[in-house]
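Read through the structure below, which is laid out as structure tokens, and then see the notes.
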Amino acid sequence: MLSLRVALRYLFSRKSHGAVNIISAVSVGGVAVAAAAMVIVMSVFNGFSGLAESKLSRIDPDLSVVPAEGKVFAGADSLAALLRRIDGVASAEPVLTEQAFAAVEEKQMPVTLRGMTPAGLTASGLGEAVIDGAFSPGAYAALLSVGTALGLNVRPAMGIPVAVFEPRRLGRVNPSNPATAFRADSLSVGGVFQIEQEEYDRDLLVVPIAMVRRLLDYDTEVSSLSLTLAPGADFKAVRAEVEKALPQGLEALDRRQQQADAFRMIEVEKWITFVMLAFILAVASFNIVSTLSMLVIEKQQNIGVIRAMGGSRRFISSIFANQGWLVTVAGGVCGIILGSALVFCQQHFGWVKLQAPDPAMLSVDSYPVRLDCGDLAVTAAVIILGALIMAAVAAAISYKKTRP
């Protein structure tokens, strides 16, 4: 405790040489800036992750029942009827998704074909995203994403049908007639929608599920079951009941799990950036070594007095070890407080704006941020690790420079 009290006195006392004061301030400031940058950058990634998660509700179901392996599973209609009886489940509708080829006159493009029931269309909220044409769940018509509509150069008002081609899944193919390798159907364009998510807006074509089953020669097979929960339902409790009712080989995914790849990419970018900033923090922490070296040189007279009073070399090295971790922790704490304050201000006032040629195209006008306690804990852990290293370095320097 005595060595810690002496280290605290050295930390706050004015040095006899002004250069030592300046270098000490720069060292603490470097650690503080690096720590603040870690907090801010990680909060920005949290903000973008939360923004992406908030956008998923426009089309992704509350729960999606999918096969653990493979693309489709059978017996979907009977399973959907069973799941609808679970308290808290408002709807359970089959969805069949497959890659296909679409053509409108001379325009052609590959599309993601999604077959849905009228009830499933209504529950998905897709009607709220229609920007051209009309949303009529019961009509035998196609809903095109904005990317599909642009690629095929078609609009509902044109009255031109969309032809859909699917490779034949069953039966023999006549090599002399390549057209027999495909099954085809066509239907009118009912509307064009825009989700503001590239995955959906790029090439999605929504059609009645009966059409997709006919093209693929399926009876009761589906890619997934889309479950919509009743308002006010306990999500965790309903999910637990759904998972109990599922046969082996099926699993229930929430919205975040349905878009696992997108969120995994955000997390990977976040932690790669964190590692880079942690390296910068380590470099800033090693600037403290120069401060400690100069401090040991400056306090040689004090060290002599302590030695004359019976202080051991180990006691003197512990003083400067405490000094090393105190400087690192002081900078880290200041950085965390500063970073948290800036994140708080951005969250409530939105000072830093997103730059775009047309601000109306953005769903938010300022950088989204969200402070996470786990990120603060990880940042604090990195700072503590740096402080321990600095303590060991300071102890070694002071022990070496102290006369036996």
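Residue numbers run from 1 in the order of the sequence given.
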Atom [atom1] in [X], atom [atom2] in [Y]: separation rounded to 0.5 Å?
X	Y	atom1	atom2	result
Glu105	Asn153	CD	CG	8.5 Å
Leu83	Ser91	CG	OG	11.0 Å
Phe182	Glu166	CZ	CD	9.0 Å
Trp271	Met42	CH2	CE	3.5 Å
Leu121	Met116	CG	CE	5.0 Å
Glu93	Ser124	CD	OG	10.5 Å

Using the ring of each side chain (for Trp, its six-membered ring), is Phe165 parallel, tilted or perpendicular to Phe101, with breaks at 30° and 60°?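 Phe165 and Phe101: tilted rings.
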
Determine whether Phe344 and Leu371 satisfy the following criterion, side chain to side chain contact (heavy atoms under 4.5 Å, CB included), listing intermediate values before the conclusion. CA-CA 8 Å; Phe344 178 82; Leu371 199 61; over 6 Å; no

Is a side-chain donor or acceptor of [X] paired with a backbone partner of [Y] at a separation under 3.5 angstrom?
X	Y	value
Thr328	Ala387	no
Ser223	Thr97	yes
Asp201	Ile195	yes
Ser49	Phe45	no

For [X], enumerate each residue passing the side-chain hydrogen bond (donor to acceptor under 3.5 Å, both in side chains) test, keeping only those at least two apart in sequence or located in another chain.
X	answer
Asp217	Arg183
Ser64	none
Arg264	Asp261
Arg370	none

Please examine the side chains of [Y] and [X], heavy atoms only from C-beta on, and report whether any two atoms are closer than 4.5 Å.
X	Y	result
Phe235	Leu229	yes
Leu144	Val154	yes
Met109	Asp203	yes
Arg114	Leu96	no
Leu79	Pro247	yes
Tyr200	Ser145	no
Asp60	Gln259	yes
Val238	Val89	yes

Who pairs with [X] by side-chain contact (heavy atoms from CB on, under 4.5 Å), at least two apart in sequence or on another chain?
X	answer
Pro231	none
Glu243	Arg239, Ala252
Val283	Phe279

If you compare all heavy atoms of [X] against all heavy atoms of [Y], which two are closest, and at what distance to 0.1 Å?
X	Y	answer
Leu277	Ala37	CD1-O, 3.7 Å
Val164	Ala100	CG1-CB, 4.1 Å
Ala102	Val111	CB-CG1, 3.9 Å
Ala141	Leu187	C-CD1, 3.5 Å
Glu251	Pro67	OE2-O, 4.4 Å
Ile336	Ala35	N-CB, 4.3 Å

Can you tell me which residue pairs pass the side-chain hydrogen bond (donor to acceptor under 3.5 Å, both in side chains) test with a partner in residues 340-350, sequence neighbours excluded?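 Qualifying pairs: none.
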
Sort and list the pairs that fulfil salt bridge (charged side-chain N to carboxylate O under 4.0 Å, His left out) and have at least one residue in residues 131-149, not counting sequence neighbours.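 Only Asp132-Arg155 qualify under salt bridge (charged side-chain N to carboxylate O under 4.0 Å, His left out).
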
Per the salt bridge (charged side-chain N to carboxylate O under 4.0 Å, His left out) rule, what does the pair list look like for residues 269-278, sequence neighbours excluded?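 Matches after skipping sequence neighbours: Lys270-Asp375.
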
Non-neighbouring partners of Lys107 that pass salt bridge (charged side-chain N to carboxylate O under 4.0 Å, His left out), sequence neighbours left out: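 With neighbours one apart ignored, the set is empty.
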
Would you say that more than 12 heavy atoms from the other residues, nucleotides or ligands in this model lie under 6.0 Å from the [atom1] of [X], or not?
X	atom1	answer
Lys353	NZ	yes
Phe48	CZ	yes
Met276	CE	no

For side chain to side chain contact (heavy atoms under 4.5 Å, CB included), just list the numbers for Val369 and Asn46, CA-CA rounded to whole Å, side-chain angles, deciding distance to a tenth of an Å, and then say yes or no. CA-CA 6 Å; Val369 293; Asn46 292 338; over 6 Å; no

Please tabulate, for the side chains in residues 204-215, all donor-acceptor contacts under 3.5 angstrom to protein atoms that are two or more places apart in sequence or on a different chain.
{"residue": "Arg213", "atom": "NE", "partner": "Asp219", "partner atom": "O", "Å": "3.3"}
{"residue": "Arg213", "atom": "NE", "partner": "Glu221", "partner atom": "O", "Å": "3.4"}
{"residue": "Arg214", "atom": "NH2", "partner": "Tyr140", "partner atom": "OH", "Å": "2.9"}
{"residue": "Arg214", "atom": "NH2", "partner": "Asp185", "partner atom": "OD2", "Å": "2.6"}

Checking side chain to side chain contact (heavy atoms under 4.5 Å, CB included) for the pair Leu227/Val242: CA distance, chi angles, key distance, verdict? CA-CA 10 Å; Leu227 275 62; Val242 168; 3.7 Å; yes

Does the pair Met158 and Val104 meet the rule for a side chain to side chain contact (heavy atoms under 4.5 Å, CB included), with working shown? CA-CA 11 Å; Met158 297 170 64; Val104 175; over 6 Å; no

